[in-house]
> 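Handing you this structure, nothing more for now.
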Amino acid sequence: MKRIFLLAGICAGIFANAQNTIVLQADKGKDIINKNIYGHFAEHLGHCIYGGLFVGENNTRIPNKDGVRLDVIDALKKLKVPVLRWPGGCFADTYHWKDGIGPKKERPSILNVWWGNVKEDNSFGTNEFLNMCEVLGAEPYLSGNVGSGTPQELSDWVKYTTHPNGTSPMTDLRQKNGRANPWQVKYWGLGNEAWGCGGNMKPDYYANIYRQYATFMTSAGKERIYRIASGASDADYNWTETLMREIPHNMLDAVGVHHYSVISWNKKGSATAFDEELYYTTMQRALEMEELVSRHAAVMDKYDPNKRVAIAVDEWGGWYDVEPGTNGAFLYQQNTMRDAMIAGTTLNIFNNHCDRVKMANLAQIVNVLQAVVLTNEEKIVLTPTYHVMEMYNVHQDATMLPVAVTSNDYKMGKEKLKAVSASASKDKNGKTHISLVNIDASKAQDITINIEGASYTSVSGRILSSDKLQNYNSFENPDKIRPAAFNGAKLGDGRLTLSLPPFSVVVLELK
Ligand code: AHR
């Protein structure tokens, strides 16, 4: 008798472990996945701006328009970058925007004190950034200097960039600098990491400063400006609570949150040489985003049940040691399939929380941290993270469809994580997309997706996978990892079945 029970138990264990199930509620879509969840971040740090996005107008080796690299812009256009945060980061609270306008030879040089004390010649400033955003088709998100600036300085920046012609000395200055009409600049950050590099402030103090700065940021254009408070680091829920309580909501559109997937701040580890245990720890850090977003949102629900104020996760991504031989302050790191796993799972979390998360900005766009593009002189490489962002851009501005995922565990010793993550949406053309990630480093995951509330007649898909987690695209072998067609999903009887290879990302399209 005992043996029969044991056998039954083992069988149940095997079956429970073999099949993952997802219920897709195709007729329960309500919230829009704001395209800005697919946003990016560009800081004056290392070679993000200089060498990455901008090579200078006089560069004859690297094709550029007004100094902006055409190869990088071309790649980013395919990504459909919706919003780009600039000029920092920590740099933002040291940046005085008037240093970066007007004739280039008259612009002062400064030291970039946060990032290696290198010379910042201000040759890439407000006009260059905003013109680049127009070429890219991305909305700018300007991060204002609250740490070492003044309310007047930020108020002037708003006027210089957005107010109609001939309405103030600032708009005259804009005209003198060759730009008659205002740009469209909706998104404004009031400082960055005010609890740290932005001024080491306490939350109450920052809330007061925020109110003061916000008061003088006046919109005179067609569009109301959207003000984003410098948000919490990770799980500092008290920070969010203080801002929600102390700042009137008519002057607050979003509260930031920053979270990096870092193994440990003292020992980050190599971006490419890591074992499965380190990979596992990175994924634990990445998946913490679910709890962070849920708990910051719960705090906000207390003060803003109608969800008017959004969460902007305006810095996220993997952070490792810099590549050997590169400047430690430049944060240049390679990007492997591990980063594809961070990107796929994190974007699924944001999609599923799109009722509150309205913006997110991957750190950073080129050559810094979890970059989508790496450059080396005239060469560029699209990273695995680029490919995930490109595959997922079908979700931009689509209606989120709820998914209930029952997943096998991915175990390491006594620890366990869910192996499978998913999100889904229906776009304006009626197509449904499901993005799926299997983070398990060695086991494929068989998945059944039960479809409720819709019937589909065709399925197609794309997959990003590789034979080693540590694989990456290099300047010598730039296409080692790229998306391929995925024909492994079978549709029938109101369900989809498929098998996800270890550490892979799949995006399915259903019609
Ligand atoms: O993205 C790099 C840095 O990380 C940013 O400048 C800062 O905001 C954060 O600590």
Side-chain angles (χ1 to χ4, degrees), residues 39-50 52-53 83-95 110-118 120 124 129 141-149 187-201 206 210 228-236 239 254-266 268 271 285-286 288-289 292 311-323 326-335 339 342-343 346 359-374 383 385:
H40 289 263
F41 169 35
E43 180 164 11
H44 284 242
L45 193 179
H47 292 297
C48 183
I49 302 293
Y50 300 109
L53 291 162
V83 64
L84 185 57
R85 178 174 184 248
W86 176 84
C90 295
F91 181 78
D93 284 293
T94 65
Y95 184 62
I110 58 161
L111 277 192
N112 189 333
V113 291
W114 281 112
W115 306 116
N117 275 323
V118 291
E120 162 62 65
F124 188 86
F129 175 70
Y141 166 8
L142 295 183
S143 204
N145 179 347
V146 165
S148 70
Y187 301 105
W188 290 86
L190 282 78
N192 168 75
E193 298 193 350
W195 41 265
C197 66
N200 281 306
M201 302 177 201
Y206 174 67
Y210 179 100
I228 303 169
S230 163
S233 169
D234 307 284
D236 186 354
W239 184 274
V255 175
V257 172
H258 288 182
H259 176 60
Y260 285 98
S261 304
V262 59
I263 289 166
S264 129
W265 286 109
N266 301 330
K268 303 184 192 79
R285 295 288 91 80
E288 279 166 10
M289 189 65 86
L292 291 173
I311 291 178
V313 186
D314 45 13
E315 289 185 28
W316 68 273
W319 192 323
Y320 317 108
D321 289 339
V322 298
E323 289 305 307
T326 65
N327 187 324
F330 284 9
L331 310 187
Y332 174 76
Q333 62 190 41
Q334 249 298 352
N335 196 293
D339 297 278
I342 298 176
T346 305
M359 189 193 286
N361 306 76
L362 176 65
Q364 298 193 6
I365 194 160
V366 185
N367 290 336
V368 170
L369 299 176
Q370 194 178 340
V372 289
V373 177
L374 302 175
T383 65
T385 302

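Given the structure is predicted, the values throughout are model-derived calculations rather than measurements. Basis for what follows: all heavy atoms, side chains included, without hydrogens, waters or symmetry-related copies. Counting starts at 1 for both ligands and their atoms, in listed order.
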> Run the salt bridge (charged side-chain N to carboxylate O under 4.0 Å, His left out) test against Glu43 and tell me which residues pass, sequence neighbours left out.
none

> Quick one: table the atom pairs, ligand 1 N or O against protein N or O, below 3.5 Å, distance rounded to 0.1 Å.
from     : atom 1 : to     : atom 2 : distance (Å)
ligand 1 : 1 (O)  : Tyr260 : OH     : 2.8
ligand 1 : 1 (O)  : Gln364 : NE2    : 3.0
ligand 1 : 4 (O)  : Tyr260 : OH     : 3.4
ligand 1 : 4 (O)  : Glu315 : OE1    : 3.2
ligand 1 : 6 (O)  : Glu43  : OE1    : 2.7
ligand 1 : 6 (O)  : Glu43  : OE2    : 3.1
ligand 1 : 6 (O)  : Cys90  : N      : 2.9
ligand 1 : 8 (O)  : Asn192 : OD1    : 3.4
ligand 1 : 8 (O)  : Asn192 : ND2    : 3.0
ligand 1 : 8 (O)  : Glu193 : OE2    : 3.3
ligand 1 : 8 (O)  : Glu315 : OE1    : 3.1
ligand 1 : 8 (O)  : Glu315 : OE2    : 2.7
ligand 1 : 10 (O) : Glu193 : OE1    : 2.7
ligand 1 : 10 (O) : Glu193 : OE2    : 3.2

> Heavy-atom distance under 4.5 Å between the side chains of Leu142 and Phe129, does that happen here?
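Contact flag for Leu142/Phe129 side chains = yes.
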
> For the residue pair Tyr95 and Trp86, is the inter-centroid distance of their aromatic rings smaller than 6.0 Å?
yes

> The criterion is side chain to side chain donor-acceptor pair (under 3.5 Å); which residues satisfy it with Tyr50, sequence neighbours excluded?
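Tyr50: side chain to side chain donor-acceptor pair (under 3.5 Å) contacts with Glu120.
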
> Under a 3.5 Å threshold, yes or no: a donor from one side chain and an acceptor from the other, between Asn335 and Thr385?
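Yes, a side-chain donor-acceptor pair sits under 3.5 Å.
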
> Applying salt bridge (charged side-chain N to carboxylate O under 4.0 Å, His left out), name anything that partners Glu323, two or more places apart in sequence or on another chain.
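Here no residue qualifies.
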
